[in-house]
Every structure is written in structure tokens, then in C-alpha cells.
Trainee: 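Dropping the structure in here first, questions after.
Each chain gets a letter, A, B and so on, in the order its sequence line appears, and its residues count up from 1. Note that this is a predicted model, so its numbers are computed, not measured.
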2 protein chains.
Amino acid sequence: MKAIAVKQGENRPVLVDKPRPTPEPGQALVRTLSVGVDGTDHEVITGGHGGCPEGEDHLVLGHEAVGVVEDPNGTRFEAGDVVAPTVRRPPNGENEYFERGEPDMAPEGMYHERGILGAHGFMAEYFVSEEEFLVDVPASLTDLGFLVEPISIAEKAVELAYASRSSFTWEPEAGAVLGNGSLGLLTLALLRDKLGYERLYCLGRRDRPDPTVDIIEELGATYVDSRKTPADEMPEAFEPMDFVFEATGYAKHAFESVHALAPNGVAALLGVPGPWEFEIDGGSLHNELVMQNKALVGSVNSHVSHFESAVDTLAELPPWFTEALVTNVYGLDDFASAFDDDDTTIKTAVQFSTYEERR
Amino acid sequence: MKAIAVKQGENRPVLVDKPRPTPEPGQALVRTLSVGVDGTDHEVITGGHGGCPEGEDHLVLGHEAVGVVEDPNGTRFEAGDVVAPTVRRPPNGENEYFERGEPDMAPEGMYHERGILGAHGFMAEYFVSEEEFLVDVPASLTDLGFLVEPISIAEKAVELAYASRSSFTWEPEAGAVLGNGSLGLLTLALLRDKLGYERLYCLGRRDRPDPTVDIIEELGATYVDSRKTPADEMPEAFEPMDFVFEATGYAKHAFESVHALAPNGVAALLGVPGPWEFEIDGGSLHNELVMQNKALVGSVNSHVSHFESAVDTLAELPPWFTEALVTNVYGLDDFASAFDDDDTTIKTAVQFSTYEERR
């Protein structure tokens, strides 16, 4: 079967041939429908993040997948069920984090990530997975099923951040998403449609006309050009934010978020920057965190219940939004285009097969 | 009656004469037993924090009080009940934070703090308070009742920090308190006796022999000399910490805490530093917060339920500990000594009357 991989020491995705996998007991065979591309894929391709399975010279890419069960192989699924796989897998047998269904909380060394770190991904015509890592997707969401994984990332971060405000009365009204990439835009829609924010802001650094700015405004949110209004000037320019969702990987945003917040606010951090030394007014940041009961909460990955929430969220997203968000879905013959990244690209995916076709 | 106050523009506590207050409806008259002194008092005295009531030229000090109800004045109390007053009061009638019993979450401008900001404190022979701000203290804890307020500060911070870890399975075993002042030591005892930490560390910068180091070790905790082992080197020198409680006001600790934490750990920040610019590796801190699901949670003040928890905690503290912690309780004739601060002083209080005496 065909798969899209990056070879060790190279920094571009290539088509490779691999044997079709055979499910072990407890695993189902899934025919891949489509797989989304995100910033993590670009980091994996350029070598900034992740790594090949042990003893192998390539990594099959892809961690945002939707597929159809081809061979249930004794699992709870039926052939034809549409599923989205979670990303983390135990590296050497089980460990406590996987046993309790919280692999997203496993520390380094206690997980592999399919398509990212130590385990092949889903950008292949078929994949196998333990049934516990497959989440049901309604047939009506088949075409958009590759959005379940990125939405689940937002669901997990929101859950973690909201938990931090659960010991007191907290009714957030103003929210800001830092970053107008696909994760930022999906989160903006989630905050609007599921969490009921009254006023939303989305920070980017694009000139108009720009398709992401159009989506931001169509969602009823305010576009904030960070070149004119840095994150920590949002309170003065607009209003203090009860919730900030950082999806840029720009390290200064983690610290600027403190001042961007309203009293009792929380910032969820999701970016994964490399080392970068810079000066901050650490005294004032510390003071503000304390005197205003503010919090910074880092969040990575997601688990099954976040995927399930993401399926519900995806079902509620307005069609115009997902149509505008998914700028292109490419076939295998043009897979390389799915990895292009320019200002007209928001979200792309590679399609491996359609639901209807049977091989 | 006599009261201890700081006059505007001066920076030492003085004895003043004030009329004995008369309780309004809903208020009880309380005869003051003793009032603790802490770092906030020193900041108020030196003008670094807080301020006088509007239109007045002095502030009666004291926010860590225990007293005995002298005139219940129609409240739920009986004469002779021992009580500890909470600190925040609504500045101009009620507001939503006070209405829901969460004044500790009120933003700047929506609270006064007795003895600190805009309202006279409890260092007077008598004070009045609305009954909702008075918490019952068992007669057996009368002598130590001035510790209820500082313990409540730790209870609130622990509640807030633990809430941030409530969306997943979190079983902390290793905890570090940054700061060997009285709040740090009280928290260390709280973590050991109430929260069941298996391994505890307390960071300070004192040479042995030192009474706080003795208490730390008597509690079974490890003393960490920050001059040899900075907070962010604790994982390498000892172990990563599931929970860090910062009680120093040293701004670099807020940021060093990130690396001091184990994966999924949380640091509660309580210090209130002034502006201070310094360089950090913000990229790595941001990365670590995210990839390891870490959190920083600021916490200030406390409300009635935290005082109630603090009463329970205080009842469980071993007698040797409170005896070692409270280095001196001074009478009114020697009140100034309670504000002395040297390496032999841990916790002091001023005694205004004894439970037995009646005037």
C-alpha cells in the first residue's frame, strides 16, 4: 500500500510502499479516508520535533485521521463504521497513564505518538489500531473527520484551563485566541458556539484582505493585528480577557498573556517553542498572577473523551465555517501540495479513499 | 482604647488612643485577644503596600486576629465565643464577590483589607465586625487563634492549585515550599499532616544552626539552601516536585518553579514582588509548561471556608511545632518588639487581653 513518509535525514514528505498491516487480536483494520496536515507535521518534517520508530529509517506521517473500519477483527466495531484514531500509544506494553485512559498526561518516555514520535502515523492507505484508541465518528461527519483530532486538542486545553477556575464562581465573557492558524480558528468557533463567549478576539499578523481575517470576522470576533496591538496591550486597546488560548508557539505570548488577562482569568498555553532568552518584567508578572488570582496552564495532546467532545463540537460547526477553513483536500497524486504553506492555505488534508469505494 | 497604628508618612508602628467602637446592627463587638505580625505588616509599615482609610491620617494595623465576643448585639454569637475575623470588606456597600462569599476573588477597587488597605485592622483592644466575617474558633485554640488567618491563606492557595489538577488523576508525593518564613513553615506542616505528602522540601537561605531549619527537619522535610541549590535545580539535586508553594515574593522563583515541577505539576504563587526586569529562557519555560502539562496559579487572600479549614488544620498541628513557630507573644507595653525581624524571630503576635479577663 502507499504511504506518505519522511525519511531520516531528509526534510520532505515522500510516497513510499509498505505492506498492508494485519490486525493483531484487539486491533481493527481501518481503511484511511483522509488525514489532515498541521504545524506539528511541518515540525516533524523539518526535524524540529518527533522521530522515527526505533530501528527504522522513516516515519509514516499523519496524526489527524479519519477512516472506515475494513476488518473489525473481533473488536466492538462493524465493517463500515467511521472512526478517528487517537495519537498516543504505550511505548512498551501498558503504563499507568494508558491504563486509566489519560495518555495525554504521560510524561516523556511513556508514550509514542503516531505520525510524530516513535510510531508510524496514519498517512497510509490502511492502518491498524487497538479498538480503545478508535473513536466513533457519525457517518454525516465523514468528510470532516480529520478535524476531530485538532478540535480534541482544544477540548483538552479548555478542560484543563477551566478546571483551574472551578474552585470559585467564574463566568467568562471575553476570550482571546492568540494565533489565526487552523487550531486557533477551530478554537474560536468552539469558544463561540459551545462555550458561549460574548466577545471574542483573535490575534494574528496578517494584512487584509486575508481569508483567516474574513473567518474571524464572520464568526463575530475582532481581529487583532499583533504588529499594532501586542497581546499584552489588548486590555488597553480592547478589554481584559477572561480566557486566553495561546496557539502560536511564540514564547513571548506565554508571558504577555498574564497581562492580557482580566482578574481571575486563565491562559491555556499550547505552543511548543524552542529555547529563547529574553527579558521580562518578572516582578510585575509575578505580582499580577498573585494579586489577581491569575493562572497559566500548559496543555498537550488529548484522550478519548476529548475526541468524543470534539465529535460533538464538529457536528455543531456551521457549514460555511468548515468550508472556509478547509482550503484544500488533495488526492494521493498531488499529496505534496497538502504540505504547502502560504497565506491562502488554512487547513489541508490528504485523501486516501472515499467512504463509498471498496477495494 | 489603645490601638497600634502607622501614621501616614511615617514608617513605624505607634500606640494611639481611639474610641471603643460601637457595633451597628449585624455587627458584634469583639474584645481582641491577640494579633499576629507577618511580612504584609512590614510592607504596610514601610509604605510598600496598602493604605489608610479614606480621609484618615493613620491605619490601625493587624489582619491576623483572634478575639472573644464581648457584645453579640443580636448576631448568632454568644458572649464568650472565640472568633477569628476575615480580612476583606466591601468598600462601598455590597458587590457580587462579597454576595457570593468569595471576596478573595474580588479585583482591585472592590475590596478593603482590614489592617492593610482602606480599613482599620484588628490591633486594638476592641473591634467590631459583621457576623458573616467572623469564624468560630474552638476555645482550645484560643491562644493560637492568630494563626488561623495565615493558615487560611495556604488553604486557599492549595484549593486553587489543586483545582487546576482536578480534571485528571493526580496523586502528588513530592512537595516543595519556597520560603522558610512563618507562612512557609505553616504550609509545610499542612502539606505533611493534612495532604499526606511523602517527601517534602523547604527552601531558604539561612546558615545552620537556625531555628527554621530545625523545624523543617523536625517535620521530616529536607532543607534546601537556595544559595547552593536554586529552586530550578531541585529536580537534579533532589527530585522533581509535584507541587511547589512559593512564599518568598522573590520573582525569579515564580519562573524557576516551572522547571522545579514534575510533569503535570502545579506551582502556587503567593509572593507580591514589585517590578523587576530580568532575563529568562522563555522559550524553554513555555515549552515545558505545555509538553508537561504544568501550571502556575497565583493566589491571594482567603474567604470564610478557608478560615474554617484552617481551624481544622490548626487543631491537628503538633504542639511542638506551634511552640517552636511562635517565638514570642508580646504585651501592649512591649508591642514594638513584635515588629522586630531577625533570624531568631519566626512568628510573633501582640496580646491585647486574655480570654479570662473581663473589663
Side-chain angles (χ1 to χ4, degrees), chain A residues 96-97 100 102 104-108 110 156 159-170 246 249-255 258 262-264 266 269-301 303, chain B residues 96-97 100 102 104-108 110 156 159-170 246 249-255 258 262-264 266 269-301 303:
Chain A
E96 56 176 316
Y97 297 94
R100 58 187 179 227
E102 297 173 349
D104 53 314
M105 304 309 290
E108 200 184 327
M110 297 193 63
K156 188 265 177 90
E159 182 184 82
L160 204 48
Y162 272 51
S164 81
R165 311 288 84 188
S166 63
S167 65
F168 62 94
T169 307
W170 188 60
E246 176 275 320
Y250 179 73
K252 287 191 177 175
H253 280 159
F255 304 93
V258 175
N264 307 338
V266 58
L269 308 179
L270 286 92
V272 187
W276 182 22
E277 299 201 356
F278 50 81
E279 199 163 82
I280 57 168
D281 180 352
S284 296
L285 289 179
H286 184 175
N287 183 301
E288 221 177 296
L289 280 161
V290 174
M291 290 299 290
Q292 301 186 28
N293 293 291
K294 293 178 176 181
L296 295 180
V297 177
S299 178
V300 68
N301 196 249
H303 63 238
Chain B
E96 56 176 313
Y97 298 94
R100 57 187 179 228
E102 297 173 349
D104 54 314
M105 305 309 290
E108 200 185 329
M110 295 185 80
K156 188 265 176 90
E159 180 184 84
L160 204 47
Y162 272 51
S164 81
R165 312 288 83 187
S166 63
S167 65
F168 62 94
T169 308
W170 188 60
E246 176 274 320
Y250 179 72
K252 287 190 177 174
H253 280 160
F255 303 94
V258 175
N264 307 339
V266 58
L269 307 179
L270 286 92
V272 187
W276 182 21
E277 299 202 355
F278 50 82
E279 199 163 82
I280 56 167
D281 181 352
S284 296
L285 289 180
H286 185 176
N287 183 303
E288 223 177 295
L289 281 161
V290 174
M291 290 300 289
Q292 301 186 28
N293 292 293
K294 293 179 177 181
L296 294 180
V297 176
S299 178
V300 69
N301 195 247
H303 63 239

Trainee: Give the member of A/His303, A/Glu159, A/Arg100 that has the highest number of heavy-atom pairs under 4.5 Å with chain B.
Mentor: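 Of the candidates given, the most pairs with chain B belong to A/Arg100.
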Trainee: Out of A/Arg165, A/Gln292, A/Glu246, return the one with the most heavy atom pairs under 4.5 angstrom to chain B.
Mentor: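 Among A/Arg165, A/Gln292, A/Glu246, the one with the most close pairs to chain B is A/Glu246.
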Trainee: Whether the side chain of A/Asn287 engages the backbone of B/Gly274 through a donor-acceptor N/O pair (distance < 3.5 Å, no angle test) should be reported.
Mentor: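 Here the side-chain-to-backbone pair does not exist.
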Trainee: Given heavy-atom pairs under 4.5 angstrom as the criterion, report whether the side chain, backbone, both or neither of A/Phe168 touches chain B.
Mentor: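 Contact with chain B involves both backbone and side-chain atoms of A/Phe168.
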Trainee: Under 4.5 Å, counting heavy-atom pairs only, tell me which of B/Leu285, B/Leu270, B/Val266 racks up the most with chain A.
Mentor: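 Between B/Leu285, B/Leu270, B/Val266, the count favours B/Leu270.
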Trainee: Could you tell me whether the side chain of A/Asn264 and the main chain of B/Met105 form a donor-acceptor pair under 3.5 Å?
Mentor: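 Yes, A/Asn264 side chain to B/Met105 backbone: donor-acceptor pair under 3.5 Å.
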Trainee: Shorter than 4.5 Å, heavy atoms on both sides: which option in B/Asn293, B/Val297, B/Val272, B/Leu289 has the most such pairs with chain A?
Mentor: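 Looking at each of B/Asn293, B/Val297, B/Val272, B/Leu289 in turn, B/Asn293 comes out on top.
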Trainee: Quick check for you: among A/Ala106, A/Ala295, A/Ala161, which has the greatest number of heavy-atom pairs under 4.5 Å with chain B?
Mentor: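 Winner by heavy-atom pair count: A/Ala295.
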Trainee: Checking heavy atoms, do the side chain of A/Asp104, its backbone, both or neither come under 4.5 Å from chain B?
Mentor: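 Contact with chain B is through the backbone of A/Asp104 alone.
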Trainee: Using heavy-atom distances under 4.5 Å, tell me whether A/Pro263 contacts chain B through its side chain, its backbone, both, or neither.
Mentor: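 It is the side chain, since no backbone atom gets that close.
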Trainee: When heavy-atom pairs shorter than 4.5 Å are enumerated against chain A, which of B/Pro273, B/Ala251, B/Ser164 gives the highest number?
Mentor: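 With the most close heavy-atom pairs to chain A, the winner is B/Pro273.
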Trainee: Let me know if B/Phe255 has heavy atoms under 4.5 Å from chain A in its side chain, its backbone, both or neither.
Mentor: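 Only the side chain of B/Phe255 comes within 4.5 Å of chain A.
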Trainee: Are more than 12 heavy atoms, taken from residues, nucleotides or ligands other than A/Glu108, located less than 6.0 Å from that residue's CD atom?
Mentor: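 Counting neighbours around CD of A/Glu108, 12 or fewer heavy atoms of other residues, nucleotides or ligands fall under 6.0 Å, so no.
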Trainee: Report the option among B/Ser166, B/Ala163, B/Ala254, B/Ser284 that has the most heavy-atom pairs separated by less than 4.5 Å from atoms of chain A.
Mentor: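 Ranked by heavy-atom pairs under 4.5 Å with chain A, first place is B/Ala163.
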Trainee: Considering only heavy atoms, which portion of A/Glu288 lies under 4.5 Å from any heavy atom of chain B: side chain, backbone, both, or neither?
Mentor: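 Contact with chain B: none, neither part.
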Trainee: Based on non-hydrogen pairs under 4.5 Å, which of A/Leu160, A/Asn301, A/Thr169 is most in contact with chain B?
Mentor: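 Of the candidates given, the most pairs with chain B belong to A/Thr169.
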Trainee: Once you round to the nearest 0.5 Å, how far does OH of A/Tyr250 lie from NE2 of B/His286?
Mentor: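 Output value for this atom pair is 12.0 Å.
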Trainee: Given that the side chain runs from C-beta out, which part of A/Tyr162 has a heavy atom under 4.5 Å from chain B: side chain, backbone, both or neither?
Mentor: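 Neither; nothing under 4.5 Å.
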Trainee: Please state whether the side chain, the backbone, both or neither of A/Lys252 comes within less than 4.5 Å of a heavy atom of chain B.
Mentor: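 Contact with chain B is absent: no heavy atom of A/Lys252 under 4.5 Å.
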Trainee: To check you understand the geometry: which heavy-atom pair defines the closest contact between B/Val300 and A/Met291, and what is its length?
Mentor: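 Between these two residues, the closest heavy atoms are CG1-O, 3.7 Å.
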Trainee: Could you tell me which portion of A/Ile280 (side chain, backbone, both or neither) has an atom closer than 4.5 angstrom to a non-hydrogen atom of chain B?
Mentor: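 When you check distances to chain B, atoms from both the backbone and side chain of A/Ile280 fall under 4.5 Å.
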